[in-house]
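Computed from a prediction, not measured in an experiment: that's the story for all the values here.
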Amino acid sequence: MSTFSEKIRILRRNKGWTQAQLADALSLSESAIQKWEAEKNAPPVTELKRLAEVFQIPAAALIDDAIDIVLVKKSQKLFLRVAGMSDGV
């Protein structure tokens with residue numbers, strides 16, 4: 001299962017963004033994004049909603065451990081996979 005930091009990294013890279021570009025999109029510092037991805041800090045709840053909006057996914061996908069974010073490399077498509085369910089990927 002993907003951790004929160006892994007999910008952010010997968011989503012950011014899927015957009016082709018650097019940490020600085022994600023920080024700009026959220027009007028935050030690059031160090032905030034670095035800390036999230038390094039699991040040194042977690043974003044406040046208000047930022048979770050903004051992250052979900054930027055990445056166009058449900059906020060629950062970011063925080064629910066039962067939901068994995070999977071990037072299928074050959075198609076560059078993102079899928080949300082719920083633990084215990086067939087993923088069909």
Side-chain angles (χ1 to χ4, degrees):
M1 294 218 230
S2 302
T3 64
F4 173 78
S5 63
E6 291 168 333
K7 290 176 182 182
I8 296 300
R9 191 175 306 109
I10 290 167
L11 292 163
R12 176 180 59 77
R13 288 180 177 169
N14 184 62
K15 279 194 165 286
W17 286 359
T18 64
Q19 291 176 335
Q21 289 170 311
L22 177 57
D24 286 344
L26 296 170
S27 299
L28 297 172
S29 68
E30 184 177 355
S31 67
I33 307 302
Q34 290 169 344
K35 289 176 184 176
W36 296 350
E37 289 190 7
E39 296 184 2
K40 292 183 179 178
N41 201 351
V45 174
T46 54
E47 298 305 326
L48 289 174
K49 181 178 178 189
R50 291 177 59 206
L51 277 167
E53 290 171 357
V54 164
F55 293 129
Q56 299 177 328
I57 61 169
L62 293 169
I63 57 174
D64 191 334
D65 289 340
I67 300 174
D68 259 347
I69 296 176
V70 179
L71 174 62
V72 178
K73 300 243 183 233
K74 61 184 171 188
S75 65
Q76 293 296 302
K77 291 185 180 178
L78 285 172
F79 293 91
L80 301 182
R81 180 172 52 199
V82 179
M85 296 183 74
S86 174
D87 58 24
V89 176

Q) Looking at OG of S5 and CD1 of I10, how far apart are the two atoms once the value is rounded to the nearest 0.5 Å? A) 9.5 Å

Q. Between CG of L22 and CZ of F55, what distance do you get to the nearest 0.5 Å?
A. 4.5 Å

Q) Can you tell me how far OG of S29 sits from NZ of K35, rounded to the nearest 0.5 angstrom? A) 7.0 Å

**Q.** K15 atom NZ, over 12 foreign heavy atoms within 6.0 Å
**A.** yes

Q: Determine the interplanar angle of the W36 and F4 rings, folded into 0 to 90°, and report it as parallel if under 30°, tilted if 30 to 60°, perpendicular if over 60°.
A: perpendicular

Q) Charged N to carboxylate O under 4.0 angstrom, R50 versus E47? A) yes

**Q.** Nearest heavy-atom neighbours spanning K7 and L62
**A.** CD-O, 3.6 Å

Q. What's the spacing between Q34 CD and E37 CD if we round to 0.5 Å?
A. 8.5 Å

(Q) How long is the straight-line distance from CD1 of I8 back to CG of L48, given to the nearest 0.5 Å? (A) 7.5 Å

Q | Nearest-0.5 Å distance that lies between atom CD1 in I63 and atom CG in L51 | A | 11.0 Å

Q: Indicate the atoms forming the closest heavy-atom contact of A52 with P58, along with that distance.
A: CB-C, 4.1 Å

Q: Would you name the heavy atoms of A20 and E30 that are closest together and state the gap between them?
A: CB-OE1, 3.7 Å

